[in-house]
Amino acid sequence: GEEHARPDVILLDVLMPYIDGREVCRQIRETPDGAEVPIILFSSADESDVDWRGAGANAFLQKPFNVRELPGFVRGVMEGKVS
C-alpha cells in the first residue's frame, strides 16, 4: 500500500476556499489514521458560532491569537490537557 506519515496534530481554519474546515475535519475523522490525530479548528468567528465539537475537533482557537502562545496551546491539545 501507499506509505504516508500520520501528522502529530492538524490545524484547520474554518473558512477556507472551496471547502469548510469543519467538513475537512469530519472527513479526516472518517479515515483510519484520522480518528486519533488531534485537530484544532480556528476562526475569526466566535466559538459559540462554530460547532467545532460537532465537527470532531479537539479544540478551538479564535483569531486573532497570540502566536507566542500557540506552541503551548498545541502541546496542551496533543497531551489531552486542552479542549
Side-chain angles (χ1 to χ4, degrees):
E2 185 178 311
E3 293 288 324
H4 62 277
R6 190 190 96 173
D8 294 326
V9 65
I10 298 171
L11 282 81
L12 284 172
D13 197 333
V14 171
L15 188 60
M16 299 189 301
Y18 310 113
I19 189 166
D20 186 287
R22 291 166 291 197
E23 181 57 30
V24 174
C25 186
R26 288 184 196 101
Q27 290 179 15
I28 291 169
R29 289 296 186 226
E30 292 173 0
T31 67
D33 287 341
E36 300 300 320
V37 63
I39 299 175
I40 301 169
L41 277 174
F42 58 94
S43 176
S44 57
D46 188 77
E47 181 175 3
S48 62
D49 295 330
V50 178
D51 184 19
W52 58 274
R53 291 183 196 275
N58 297 82
F60 177 82
L61 263 177
Q62 187 170 3
K63 296 190 298 187
F65 49 82
N66 186 335
V67 177
R68 290 189 188 103
E69 295 175 6
L70 187 59
F73 183 83
V74 170
R75 196 172 311 110
V77 172
M78 291 175 67
E79 294 171 356
K81 297 174 182 169
V82 176
S83 61

Q. How many angstroms lie between CZ in R75 and CG in D8, if you round to the nearest 0.5 Å?
A. 12.5 Å

Q | Nearest-0.5 Å distance that lies between atom CE in M16 and atom CZ in R22 | A |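 These two atoms lie 10.5 Å from each other.
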
On a heavy-atom basis, which atom in [X] and which in [Y] lie closest, and how many Å separate them?
| X | Y | answer |
| --- | --- | --- |
| P38 | N58 | CA-OD1, 3.2 Å |
| D33 | R6 | O-CD, 3.5 Å |
| C25 | G56 | SG-C, 3.7 Å |
| A59 | F73 | CB-CZ, 3.9 Å |

(Q) Tell me whether the count of non-hydrogen atoms from other residues, nucleotides or ligands lying under 6.0 Å of CD in E36 goes above 12. (A)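 No, the 6.0 Å shell around CD holds no more than 12 heavy atoms from other groups.
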
**Q.** Contacts of D46 that satisfy side chain to side chain donor-acceptor pair (under 3.5 Å) - sequence neighbours left out
**A.**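 Partners of D46 under the side chain to side chain donor-acceptor pair (under 3.5 Å) test: S48.
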
**Q.** V14 and its side chain to side chain contact (heavy atoms under 4.5 Å, CB included) partner, picked from D20, V24, D51
**A.** D20

Are [X] and [Y] grouped together when hydrophobic residues (ILVMFWY) are joined by side-chain heavy atoms under 4.5 angstrom apart?
| X | Y | result |
| --- | --- | --- |
| I10 | I40 | no |
| L70 | V77 | yes |
| V67 | V74 | no |
| L61 | V50 | no |
| L11 | L15 | no |

Q) Does the pair R29 and V37 meet the rule for a side-chain contact (heavy atoms from CB on, under 4.5 Å), with working shown? A) CA-CA 8 Å; R29 289 296 186 226; V37 63; 4.0 Å; yes

Q) Got D13 and K63 here, is their nearest side-chain heavy-atom distance under 4.5 Å? A) yes

**Q.** Pairing residues for N66 by the side-chain contact (heavy atoms from CB on, under 4.5 Å) criterion, not counting sequence neighbours
**A.**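 Here the qualifying residues are R68, E69.
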
Q. Would you call the rings of F42 and F65 parallel, tilted or perpendicular, where under 30° means parallel and over 60° means perpendicular?
A.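 Taking F65 first and then F42, their aromatic rings stand perpendicular (interplane angle over 60°).
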
